[in-house]
Participant: 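Right, I'll just put the structure down here and ask away after.
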2 protein chains.
Amino acid sequence: MLYLIGLGLSHETDITVRGLETVRKCERVYLEAYTSILMAADKESLEKFYGKEVILADRELVESGADQILKDADKVDVAFLVVGDVFGATTHTDLVIRANELNIPFESIHNASVMNAVGACGLQLYQFGQTVSLVFFTETWKPDSFYTKIMENRKIGLHTLLLLDIKVKEQSIENMARGRLIYEPPRYMDISTAAQQLLEIEEIRGEKAYTPDTPCVAVSRLGSPSQKFKAASLKELAEYDAGEPLHSLVMLGRQVHELELEYLYQFVDDKEKFKAFVEADQEFFKPPPYVPPEENFSD
Amino acid sequence: MLYLIGLGLSHETDITVRGLETVRKCERVYLEAYTSILMAADKESLEKFYGKEVILADRELVESGADQILKDADKVDVAFLVVGDVFGATTHTDLVIRANELNIPFESIHNASVMNAVGACGLQLYQFGQTVSLVFFTETWKPDSFYTKIMENRKIGLHTLLLLDIKVKEQSIENMARGRLIYEPPRYMDISTAAQQLLEIEEIRGEKAYTPDTPCVAVSRLGSPSQKFKAASLKELAEYDAGEPLHSLVMLGRQVHELELEYLYQFVDDKEKFKAFVEADQEFFKPPPYVPPEENFSD
C-alpha cells in the first residue's frame, strides 16, 4: 500500500495520530523535500520521533524516480510524507496516477495546509478566489501571470492568497550547464520582496489590479509557535521585515465583512489608517449601482 | 489558555499528535457539534480516546454562551474542538474576538478540512474560486445566492466547491413558535438533492451559469474509510445515490488541465462521454479570441 500522509505546517507533532501510526508500520518512509519545509522540524527530528529512517525525496527522485518510490508497494507499506496536505502539488497527483497504473492501492491521510490554515488571519476562507504563486524575479525573467488572476479575483470582490517562491536544492545556470550537481543555498521569498515585485508589475502593467494602498495581510510562519500576522497597505509591506520564513501574503478583496475587519484590527499599527485603506480600496471594481427596472405604464 | 483544535474529517485519530496532547492537559473540553460531524467517531468514542469528558457545544452555547466556555480560561486550559479546521465558521472567529476582549490568550492547532482535502479528487486547489453553500430549499424559500457566485467562478474558468447543508439540532417552526426545545432528526443534504436544486435554479434564472451537462464531481465521505468520488454531468448526479453522508459537490470550470482530467477518469462510468461533457462545457465563458494589435503603417 502507498500512503500519502500530510505533515501539517510546523512541528513533528503536527502529524495526525493516524498518520503517525501509519508511518510507524511502513517499510520505507519518503519525505518530499522540495515544495515546502516543516518550520520546526527536520529529517533528524522526524526520524527520532518516528523511530524510523526517513529518505529525502528531491525533485529528481519524485519526478523521474516514481518507480523507485513505488517499488514493491503492492507487497509492503510505503509512506510518502508531504508538508502541509497531500494534494498541494501536481507532482503528488502524478505519483498516484503511476501507482494506479501499477495496481498499487493507495490511501491519503490529510492534514492542514496554508490553503485552509490561512483562515487564522480572520479572513473567511469562502471569500477567497483562486490562489496565485509568486516566483523570484531575475533581471530578465519577471513572470506576471499572477497579475491577471489577482485582477479576476478582485473584480468579483474576493481575497487572494499569494504563495511565495521556495527554492530548495536548485542549481545555478552555470552548474546546470556543466552538469555539476552542486546546489545553491535554499531561498525563501519574504513578504517585502513579494510586495516589491507586486508593485513593480503594477507599475509596468498599470491596469490597477491593485494599488500601493491596497490592504494586505502578511502571514509569517503560519502554524508555528512564532506565527505572526501584519495587516497593512502593500506599500507598507514592501518595507516590512517579517522575520524568519515561511511567509505568505493575502491581498484583500472588496467584499470584506465587518467581522473580518474587526479581527484584522488586532494586526494593524493604526486602525484608522488601515480602515481608510480598506474604504479607498473598496472603490475599485465596484459593481454598477442598482437601477430598478422601468415600470411599464403603457397598459 | 483557550485552544482551538481542528479534528480533521473522520476518525478520532485524525486529530494531530499535538492536538491530542493538548486536549489531554485541558481542564474542560468542548466539541462544537452543529456545523459539521466527525464521520467515524462520536462523543463517546472521543471521550474514550481522550480519557476526558467532552461537552457538546450546540449553537445556543457557542453563540450566546461564549463567556461560559471561556470561564477561567485565563487560569486553566480550555479546549474547543472543531470538526475539520479551526476557522471554518464565523462563530469560531467570534469566540476568539471575545477571548481577546477578556485578555485570554489563545492558540490554534490546525487540521485538514474539506477546503483543502477536496484536492483528493484530483482537481488542483489553486484552480478553485470562491466556495459556496447550498441550503435545503423549502416550498417558499429557495435562496439562490450561490448562482451568481458559481457564474463568477465559471466566467474566469475556475472550479467551485459547493458545501451542502447540515441541519443538526434544528427546531420545527411549530416547536420554535411554541418555545418547545424539541429537535428534528439531523439532516444532511445529499448529492442528488444538491444537483436537483442547482438544476431548479438554472431553470428559473436561465442565465446559463451552468447546464444539465456541466461536468461535476460528487465527493462522498471525504477523508473517511469509505470515501468515494464520482465524476459525471450535473443531470446524472441528480439521479446518483452517493450513500451515507457527508457529501460535497465540485462543479468544474473551463480551465481543466490534462492532468486533472486524467485523474478524474478513475471516477467516471464512461470516459468518452465525460470527456464530451467537459469539451462542450468549455465552450461556455470562453474568452474572446486573441486579436493581434494592428500594426501602424502610417510612418
Side-chain angles (χ1 to χ4, degrees), chain A residues 6 8-9 11-21 49 84-88 90 93-94 96-97 100 107-122 124-133 149 152-153 155-158 161 163 222-223 225 257 259-260 262-263 266, chain B residues 6 8-9 11-21 49 84-88 90 93-94 96-97 100 107-122 124-133 149 152-153 155-158 161 163 222-223 225 257 259-260 262-263 266:
Chain A
L9 295 162
H11 307 74
E12 297 98 16
T13 51
D14 282 340
I15 193 169
T16 66
V17 174
R18 191 157 67 96
L20 180 62
E21 287 168 355
F49 184 60
D85 193 25
V86 167
F87 288 102
T90 45
T93 324
D94 268 336
V96 175
I97 289 177
N100 274 335
E107 189 179 323
S108 50
I109 299 180
H110 293 283
N111 211 319
S113 62
V114 58
M115 305 291 276
N116 68 343
V118 71
C121 77
Q124 297 297 320
L125 289 178
Y126 60 83
Q127 298 247 65
F128 280 75
Q130 59 198 319
T131 301
V132 306
S133 296
K149 292 178 182 174
E152 287 171 343
N153 285 343
K155 272 188 176 166
I156 53 178
L158 302 177
L161 170 62
L163 303 177
L222 184 66
H257 286 186
L259 188 69
E260 291 179 295
E262 196 185 335
Y263 204 89
Q266 300 171 71
Chain B
L9 295 163
H11 307 74
E12 298 98 15
T13 50
D14 282 340
I15 194 171
T16 65
V17 174
R18 192 156 67 97
L20 180 61
E21 287 169 354
F49 184 59
D85 193 27
V86 167
F87 289 100
T90 45
T93 322
D94 269 336
V96 175
I97 288 176
N100 273 336
E107 190 178 323
S108 50
I109 298 180
H110 293 283
N111 212 320
S113 62
V114 58
M115 306 291 275
N116 67 344
V118 70
C121 77
Q124 297 298 319
L125 289 178
Y126 61 82
Q127 298 248 63
F128 280 75
Q130 58 198 318
T131 301
V132 306
S133 296
K149 291 177 183 175
E152 287 171 342
N153 286 343
K155 272 189 177 165
I156 51 177
L158 301 177
L161 169 63
L163 302 177
L222 184 66
H257 286 186
L259 188 69
E260 291 179 296
E262 195 185 338
Y263 204 89
Q266 300 171 70

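We name chains A, B, ... by the order of the sequence lines, and we start the count at 1 in each one.
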Participant: Heavy-atom distances under 4.5 Å only: say whether B/Q124 touches chain A with side chain, backbone, both or neither.
Facilitator: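 Looking at B/Q124, just its side chain touches chain A.
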Participant: Locate the shortest heavy-atom distance separating B/A112 from A/H110; write the atom from each residue and the value.
Facilitator: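 Nearest pair, atom of B/A112 first, then A/H110: CB-CB, 3.5 Å.
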Participant: Please flag which part of A/E107 lies under 4.5 Å from any non-hydrogen atom of chain B: side chain, backbone, both or neither.
Facilitator: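 Contact with chain B: none, neither part.
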Participant: Side chain from CB out, backbone as N, CA, C, O: work out which of these in A/L20 comes under 4.5 Å of a heavy atom of chain B, or both, or neither.
Facilitator: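 The side chain, not the backbone.
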Participant: Counting only heavy atoms closer than 4.5 Å, note whether B/E21 contacts chain A via side chain, backbone, both or neither.
Facilitator: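 B/E21 touches chain A through side-chain heavy atoms alone.
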Participant: With only heavy atoms counted, which part of B/L158 is less than 4.5 Å from chain A, the side chain, the backbone, both or neither?
Facilitator: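 Contact with chain A involves the side chain of B/L158 alone.
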Participant: Starting at CE of A/M115, measure out to CG of B/D85 and round the result to the nearest 0.5 Å.
Facilitator: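 Taking CE in A/M115 and CG in B/D85, the distance rounds to 13.0 Å.
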Participant: Going by side-chain contact (heavy atoms from CB on, under 4.5 Å), name the residues that satisfy it together with A/D14, two or more places apart in sequence or in a different chain.
Facilitator: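 Applying side-chain contact (heavy atoms from CB on, under 4.5 Å) to A/D14 gives A/S10, A/H11, B/R18.
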Participant: Please rank A/I109, A/V17, A/V118 by heavy-atom pairs under 4.5 Å with chain B and give me the top one.
Facilitator: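 Counting heavy-atom pairs under 4.5 Å, the top option is A/V17.
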Participant: For chain A, which candidate among B/S108, B/A120, B/G8 shows the most heavy-atom pairs at distances under 4.5 Å?
Facilitator: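 It is B/A120.
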Participant: Atom CD in B/Q266, atom CD1 in A/I97: separation rounded to 0.5 Å?
Facilitator: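 Nearest 0.5 Å value for the CD-CD1 distance: 7.0 Å.
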Participant: If I compare all heavy atoms of B/N116 with all of A/S113, which pair ends up nearest, and what's the gap?
Facilitator: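 Heavy-atom minimum between the residues: ND2-OG, 2.9 Å.
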Participant: State which residue, out of B/T13, B/I15, B/N111, fulfils the side-chain contact (heavy atoms from CB on, under 4.5 Å) condition with A/T16.
Facilitator: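 The side-chain contact (heavy atoms from CB on, under 4.5 Å) with A/T16 is passed solely by B/N111 among B/T13, B/I15, B/N111.
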Participant: Quick check for you: to the nearest 0.5 Å, what is the distance between B/F128 atom CZ and A/T131 atom OG1?
Facilitator: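 Reported to 0.5 Å precision, the distance equals 10.5 Å.
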Participant: Are any of the side-chain heavy atoms of B/I156 and A/Q130 separated by less than 4.5 Å?
Facilitator: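 Yes, their side chains come closer than 4.5 Å.
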